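Just so it is clear, the model here is predicted, and its values are computed rather than measured. Positions are given from 1, in the same order as the sequence printed here.
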Amino acid sequence: MDATVPSSAVADHITQKVEAELTRQLYRSAGFGLFSNIVLGLLVVAGTTRFPDEPLAIHLAWLAAFVVVMVVRWWLHVSFFRHAPAIAELGWWRQAFLIGVNVSGLVWGAAAWLFFHPGDDVGQLLLTMILVGINAGATRTLASVPVAHRIYLAVTLLPLMVRFLMPAVDGGWLVALMTFTYALFLLNSARLQYADMRRVWHLAFENEELVENLRESKRRAEAANQAKSDFLAAMSHEIRTPMNGIIGMLQILRDSPLSPEQRTQVNVAASSADTLLRLLNDILDFSKIESGKLEFEAIACSPAAVVEEAMAVLRNRAASKGLSLTVELASDLPRSIVTDPGRLKQVLLNLAGNAIKFTERGSVVIRVSVVQRTEDTARLRFAVKDTGIGLTPEAKERLFQAFTQGDASTSRRFGGTGLGLAISQRLVQQMGGRISVESEAGVGSEFSFELVFPLDTAAIANSEVASSVLAPHRRGIRVLIVEDDRVDQQTLELLLSRLGFETVVVNNGASAVMAAVESRWDAVLMDCQLPGMDGFEATRRIRQIVGETKLPIVGLTAHARAKDRAACAAAGMNDLLRKPVQEDALREALNKWIRVAR
């Protein structure tokens, strides 16, 4: 069924609302009519009491009945707006209005019969004009109830037409015919107005229903997206926690004395763990992109440094396949740009990683050039060129679709989920560009994209601290580990011990606050998701006691989204590391924040 066509239940509900609105229309349009009826009633009495032989009592009796009817109708009118009845109550109010208006019509019909004098041309004209006029007004008021309108026309105009058709009235048949023709005109006008009103109100309420359905659908979709995000965040935390132990222990084991066979086994396990972690990151990123919740940061960074950091991760992989991996940077490359270096590095890692994966022999080249530069911005072109298997025209068409590779044989031969390029394309699009590809099967491929970056006018702060700065002096440097997971506790203890730090472990926020106050520490590694008092609250309490700058606190979390970083900064943390914690990242963060000076 077309989504724009309401269901039977919805159609019934709309019909009820239309009927309710037509009932309200009766009362809205009747106010001035009641006032004018009273004035016209007085004019009828005044204009038809000019004959001496006409009993005044008849006029007074008619006027009394007329006033009673008008008072009751006015009271009903005021009560309706004061009570503001709901849809379920409108049936009674509708019937009451119709009874009142038809009784009023009978009273007017009685006036036409009682006050019509064959020889009184002025009185006949007065009655005719008043009765025709009130029927013109009643057509607008009663058009929403066709049956009531027909009854009102009949009881008000039929006595007048009968009087004109009597033999005593010379030429009365012509006036009666004109009145009858006018009544037919009013009936047709009311019919058309009724159809228009129903159509307009039906469309209005149907659109209102559709808007409400869309609003509800949007609310449910947002709730589903939020539930999915919460689920992914929870699963990310739960999966990354054991991954932290696996990768950390493999790092430690890989640097231990091992036989060649054991080293091969450890390398295979480490490679598999890294692959699993990349897959987890890809799935989480793709889900965020699909739900529109992917967040970007704006950080001053060196484009050359971003490229070099990405290539440093891939050099061993390229060397293991005997490939040449080179980076060519333009001499006029800006020193500092403002972007999300993590997302830019992610795109480059995906493109260059794919190039290495699909290249059996030859080289992979990463080029960065300046396309255009102004005083405040720079348009840079990033290109990754390989001598790999290349792509057919058919494969290029579906290259950036999720869970898709060149063909099925490619997936079986090289592995992978087919998410990397889809994610990279979405990331580049959200940064204002688009990845394009030039490729020839059996020759190689070149993936490129252009982005415009704001230039950082301030000089780049020298944030690089050599990892050896603390190496000779680490003994005696104490780090408090706040972590509730036993595996993560052991992993962090071993990593920090290898780096030469002394450590103490506590497993909850309250203990962390107490330990931070009672002893001297050079740094704190604070898990953000702790039972009871979480890491954010523990950090806030520590800051209240020891001050804002005296003790470096580095957060640990499986999420590391922009809002997580903001929450960490708001709580008073100096930095944030994402689980699984890599040894190099841990060393760099501690070297950056620990103050060696005593």
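- Proximity of E537 to R541: side-chain heavy atoms (C-beta onward) are separated by under 4.5 Å at one or more points.
- For the pair Q529 and T557, the minimum side-chain heavy-atom distance is below 4.5 Å.
- A search for side chain to side chain donor-acceptor pair (under 3.5 Å) contacts involving R486 returns Q489, not counting sequence neighbours.
- In this structure the side chain of I423 never reaches within 4.5 angstrom of the side chain of R426, judged on heavy atoms.
- By the 4.5 Å heavy-atom criterion applied to side chains, V327 and R315 are counted as neighbours.
- Residues L258 and V266 form a side-chain contact, since some pair of their non-hydrogen atoms from C-beta on lies under 4.5 Å apart.
- Of all heavy-atom pairs spanning I435 and Q425, the tightest one is N-OE1, 2.8 Å.
- Under 4.0 Å is where a charged nitrogen must lie from a carboxylate oxygen, and between E483 and K579 at least one such pair does.
- Under the side chain to side chain donor-acceptor pair (under 3.5 Å) criterion, T326 pairs with no residue at all, not counting sequence neighbours.
- The distance from atom CG of N591 to atom CG of L499, rounded to the nearest 0.5 Å, is 8.0 Å.
- The aromatic rings of F453 and F382 lie perpendicular to each other, with more than 60° between the two planes, well past the 30° mark.
- Applying the side chain to side chain donor-acceptor pair (under 3.5 Å) criterion to K345, with sequence neighbours excluded, gives E309.
- Contact check on E216 versus R219 returns a salt bridge, with a Lys/Arg side-chain nitrogen under 4.0 Å from an Asp/Glu carboxylate oxygen.
- In the displayed structure, E438 atom CD is contacted under 6.0 Å by at most 12 heavy atoms of other residues, nucleotides or ligands.
- In this structure, a donor-acceptor pair under 3.5 Å is present between the side chains of S445 and S439.
- Residues D522 and F501 fail the side-chain proximity criterion, which asks for heavy atoms closer than 4.5 Å.
- Counting heavy atoms from C-beta on, the side chains of L586 and L525 come closer than 4.5 Å.
- In this structure, the side chains of R367 and E446 come closer than 4.5 Å at one or more pairs of heavy atoms.
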